[in-house]
Amino acid sequence: MGTVEPEVATTSEAAAPVTDGFQLVIDALKLNRIDTIYGLPGIPITDLTRRAQAEGLRVLAFRHEQNAGYAASIAGFLTQKPGVCLTVSAPGFLNGLNALAHATTNCFPMILISGSSEREIVDLQQGDYEEMDQLAIAKPLAKAAYRVLHAEDIGVGIARAIRAAVSGRPGGVYLDLPAKLFAQTIDAEAGKRTLIEVVDPAPRQIPAADAVARALEVLKSAKKPLIILGKGAAYAQADGEIRAFVERTGIPYLPMSMAKGLLPDTHEQSAAAARSYVLPEADVVMLVGARLNWLLSHGKGKTWGGKGHKDWGGQKFVQVDISPQEADSNVRVDAPVVGDIASCMAALNAALGAAWPKPPAEWLAAIAERRTKNVAKMAETLAKNPSPMNFHSALAVVRDIVKANPDAMFVNEGANALDFTRSIVDMYKPRKRIDVGTWGVMGIGMGYCVAAAVATGQQVIAIEGDSAFGFSGMEVETICRYNLPVCIVILNNNGVYKGTDVNPTGGPDVAPTVFVKGARYEKLMEAFGGVGVHVTTPAELRKAMEDAIRSRKPTLINAAIDETAGTESGRITSLNPTAKKK
Ligand code: ADP
Ligand code: TZD
């Protein structure tokens with residue numbers, strides 16, 4: 001077996017104070033101002049959680065690692081510092097892996113730190129406690145993956161993990177720390193010298209002047225220009241530069257889901273209420289921190305004015321992104337601007353000049369007309385008060401509450417509960433709306449609630465489908481334990497999408513999409529000392545939400561809505577294999 005004793009510990013200074021692996025991990029995190037760990041204790045990291053707390057880190061313990069991982073991922077998005085998730089080996093690691101992949105896919109900086117079993121036994125497959133080659137498994141799902149075997153390498157391991165997570169396109173990083181590492185001791189002074197305070201972890205990446213000029217040339221040629229803001233733009237915290245560019249050019253913009261509020265949704269240049277008109281009509285589209293993935297129909301097909309589902313609509317694209325590989329991923333990008341969004345938008349603003357021509361008035365008028373019409377139509381729907389309550393009448397209340405509380409963090413998941421909320425509930429400030437992201441994943445809910453409350457100190461409002469809530473529902477205990485100001489609203493229609501499917505055989509099992517009818521989710525919150533409320537009308541919902549926000553107490557509002565409300569898969573029905581391709 002290889003020795004783990006470093007040279008310094010075997011010199012005549014052996015009596016000098018020593019430090020150990022646990023302490024070095026904590027010191028390295030603190031040195032880099034990482035002050036929060038989201039995790040779940042157990043062998044071999046229980047003492048790491050205890051000692052981290054003793055050393056002043058905030059250690060938030062969850063009931064399932066997946067939720068701790070989602071919390072870490074969104075903390076990374078909100079703070080630009082890697083969110084740290086700490087798990088035990090094999091099963092705990094695997095539970096955290098979903099969130100690691102989610103962070104990588106969504107470009108959120110996160111570090112999954114997992115304890116692991118003894119290398120010698122794992123590599124010979126001799127059946128250790130929770131044996132698993134975690135590093136190999138994490139690699140394809142992470143932006144980078146590292147293992148530290150010696151205490152004197154902990155400083156480098158943490159530094160590399162931080163740099164990999166936040167530099168360039170952010171992503172998830174895996175850090176494998178075998179059990180034996182934690183107990184290794186080395187001379188305390190020597191140990192201190194091994195730690196690295198990372199200098200400039202996410203260096204600015206300045207775009208080339210010719211790329212900026214080319215982008216403005218292409219934009220200037222437009223008759224019907226459009227800007228699309230994505231969550232990369234929200235992440236970049238370049239709110240002032242982005243707003244200045246949008247307003248100085250006068251170009252209408254569409255926010256992607258998590259970019260809502262980057263400029264207030266009520267901004268007169270927002271084309272969100274005319275989305276299905278502007279996408280096929282626009283002739284030059286500028287993407288800012290948004291990918292042309294499925295969420296934008298790959299830049300092709302009928303959505304974009306193409307004839308078939310793979311047909312390019314003829315638009316020109318400008319793409320501002322930190323990843324040089326992103327351009328041309330789906331359709332031709334005529335003007336890639338590669339750099340960090342803050343630097344890119346600053347350069348674009350500087351190059352705009354005083355006399356930038358506003359977009360043609362006909363284009364703006366056509367958008368305004370659609371917007372006015374669609375807003376009026378929606379207002380009519382929202383004003384209805386059907387019995388039973390449906391998505392719209394419930395969300396009309398949520399819309400008012402968010403308007404009155406624009407600083408509140410807003411978590412959202414579900415299918416219809418997601419799609420309707422996104423289009424009905426306006427956001428007024430940047431980085432308030434956090435949701436299912438690039439994969440449309442269910443299960444982010446309660447982890448996001450915890451991290452949003454902890455990372456921002458703000459009230460959190462979560463709008464959850466009843467199925468969506470179930471993926472992380474046990475974390476209401478965590479929310480109560482830490483007494484977080486979280487108000488969860490479950491739009492309960494008794495099932496996945498809705499609650500009306502029937503088993504065609506007439507057998508005793510209900511259909512796969514159907515849950516227990518009239519389930520009383522609010523009792524789950526009451527079980528842990530929080531406030532549970534069952535509501536059936538918009539007036540009751542309003543009162544319950546107002547009470548929750550006033551009291552800042554953990555609250556779960558079970559809003560019973562019409563079980564026939566909603567559509568299969570919400571807005572993405574067309575992605576079901578049996579649906580006809582667009
Ligand atoms: P959305 O889902 O909102 O459309 P995506 O997740 O598809 O957004 O796209 C985000 C894009 O933003 C990614 O291509 C990523 O490389 C880019 N990005 C993330 N952070 C930055 C940054 N600081 N500067 C520039 N681009 C960034
Ligand atoms: N599993 C995971 C991890 N992510 C998923 N997206 C799904 C399954 C499939 N799925 C959706 O895409 S939405 C959804 C599932 C199970 C739940 C929809 O039901 P809901 O919302 O009650 O949350 P609505 O408002 O009733 O549609």
Side-chain angles (χ1 to χ4, degrees), residues 66 70 76-77 80 98 102 104-109 143 166-171 202-205 207 228-238 242 254-260 262 287-296 319-327 329 337-345 390-391 394-395 412-421 433 435-445 463-472 490-500 512-515 559 561-563 565-573 575-576:
Q66 179 168 300
Y70 284 140
F77 169 78
Q80 294 186 327
N98 209 327
H102 170 78
T104 305
T105 301
N106 284 275
C107 315
F108 298 160
K143 184 180 169 195
V166 297
S167 63
R169 171 184 275 179
R204 294 177 64 197
Q205 298 193 20
I228 298 182
L229 302 172
K231 60 171 126 51
Y235 172 79
Q237 299 192 15
I242 291 170
L254 272 183
M256 298 299 287
S257 197
M258 280 175 56
K260 274 168 71 74
L262 202 42
L287 301 155
V288 183
R291 288 171 286 188
L292 277 176
N293 55 18
W294 71 280
L295 288 159
L296 282 169
Q319 185 158 32
V320 181
D321 204 289
I322 202 153
S323 165
Q325 286 161 282
E326 189 53 42
S329 58
V337 182
V338 175
D340 70 278
I341 282 168
S343 301
C344 291
M345 298 316 287
N390 63 11
F391 284 105
L395 289 169
N412 190 199
E413 62 177 334
N416 297 283
L418 178 89
D419 294 334
F420 287 130
T421 304
R433 189 188 153 86
D435 66 24
V436 299
T438 303
W439 271 342
V441 67
M442 298 299 109
I444 48 92
I463 303 300
E464 301 271 317
D466 50 329
S467 165
F469 172 75
F471 287 76
S472 65
I490 299 180
L491 298 176
N492 185 1
N493 59 358
N494 297 339
V496 176
Y497 312 130
K498 41 189 181 175
T500 49
T513 54
V514 168
F515 295 154
I561 61 166
D562 186 352
E563 68 172 5
T567 57
E568 173 94 8
S569 307
R571 291 242 174 104
I572 54 174
T573 310
L575 297 183
N576 283 317

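Both ligands and their constituent atoms are indexed starting at 1 by order of listing.
A tilted orientation is assigned to the rings of Phe77 and Phe108, their planes being inclined by 30° to 60°.
Residue, atom and distance of the protein heavy atom nearest to atom 7 (O) of ligand 1 are Arg291 NE, 2.9 Å. The protein heavy atom nearest to atom 20 (N) of ligand 1 is Tyr235 CD2, 3.6 Å. From the protein, the heavy atom lying nearest to atom 14 (O) of ligand 1 is Asp321 OD2, 2.5 Å. The protein non-hydrogen atom at the shortest distance from atom 25 (C) of ligand 1 is Ile341 CG1, 3.1 Å.
Glu413 and Ser472 make their closest contact through OE2-OG, 4.4 Å (heavy atoms, listed as atom of the first residue, atom of the second, distance). In terms of heavy-atom proximity, Asn98 sits nearest to Gln66 at ND2-OE1, 3.3 Å. The two residues Gly289 and Asp321 make their nearest non-hydrogen contact at CA-OD2, 4.4 Å. The two residues Leu395 and Phe420 come nearest to each other via the heavy atoms CD1-CB, 3.5 Å. Closest of all the heavy-atom pairs between Asn416 and Thr567 is OD1-N, 2.9 Å. Here the shortest heavy-atom pairing between Phe515 and Val496 reads CZ-CG2, 3.8 Å.
Heavy-atom contacts of Asn293 reach the following atoms of ligand 1: 7 (O) (cutoff under 4.0 Å). In summary, the atoms of ligand 1 found under 4.0 Å from a heavy atom of Gly230, numbered by their order in the structure, are 3 (O). For ligand 1, the atoms sitting less than 4.0 Å from at least one non-hydrogen atom of Gly289 are 8 (O), 9 (O), 10 (C), 11 (C), 12 (O), numbered in the order shown with element in parentheses.
Counting heavy atoms under 4.0 Å from ligand 1, residue Lys231 touches it through both backbone and side chain. Of the heavy atoms in Met256, only side-chain atoms (C-beta onward) come closer than 4.0 Å to ligand 1. Using a 4.0 Å cut-off between heavy atoms, Ile228 makes no contact with ligand 1 at all.
Nearest-residue assignment for atom 27 (C) of ligand 1 (options Val338, Ile322, Val288; heavy-atom criterion): Ile322. Ranked by closest heavy atom to atom 18 (N) of ligand 1, the top entry among Gly232, Pro255, Ala236 is Gly232.
The closest approach between a heavy atom of Gly339 and any atom of ligand 1 is below 4.0 Å.
For a threshold of 3.5 Å applied to N or O pairs, the pair formed by Glu326 and ligand 1 contains no separation below that value. Considering both main-chain and side-chain atoms, Asn106 never comes within under 3.5 Å of ligand 1 through any nitrogen or oxygen pair. For ligand 1, the polar-atom distance check finds no N/O of Leu295 at less than 3.5 Å from any of the ligand's N/O atoms.
Closer than 4.0 angstrom to ligand 2 lie heavy atoms from Phe391, Gly414, Ala415, Asn416, Ala417, Gly440, Val441, Met442, Gly465, Asp466, Ser467, Ala468, Phe471, Asn493, Gly495, Val496, Tyr497.
With hydrogens and angles ignored, the 3.5 Å screen pairs no side-chain donor or acceptor of Lys231 with any backbone N or O of Cys107. Between the side chain of Asp435 and the backbone N or O of Asn412 there is no donor-acceptor pair closer than 3.5 Å. For Asp419 (side chain) and Arg571 (main-chain N/O), a donor-acceptor pair under 3.5 Å exists by modelled atom type. A donor-acceptor contact shorter than 3.5 Å is absent between the side chain of Gln319 and the backbone of Arg291. Using modelled atom types, no side-chain atom of Thr573 and backbone atom of Ser569 make a donor-acceptor pair closer than 3.5 Å. Remark: side-chain polar atoms of Asn493 are not paired, donor with acceptor, to backbone N or O of Asp562 under 3.5 angstrom.
No hydrogens or angles considered: nothing links the side chains of Asn293 and Thr438 as a donor-acceptor pair under 3.5 Å.
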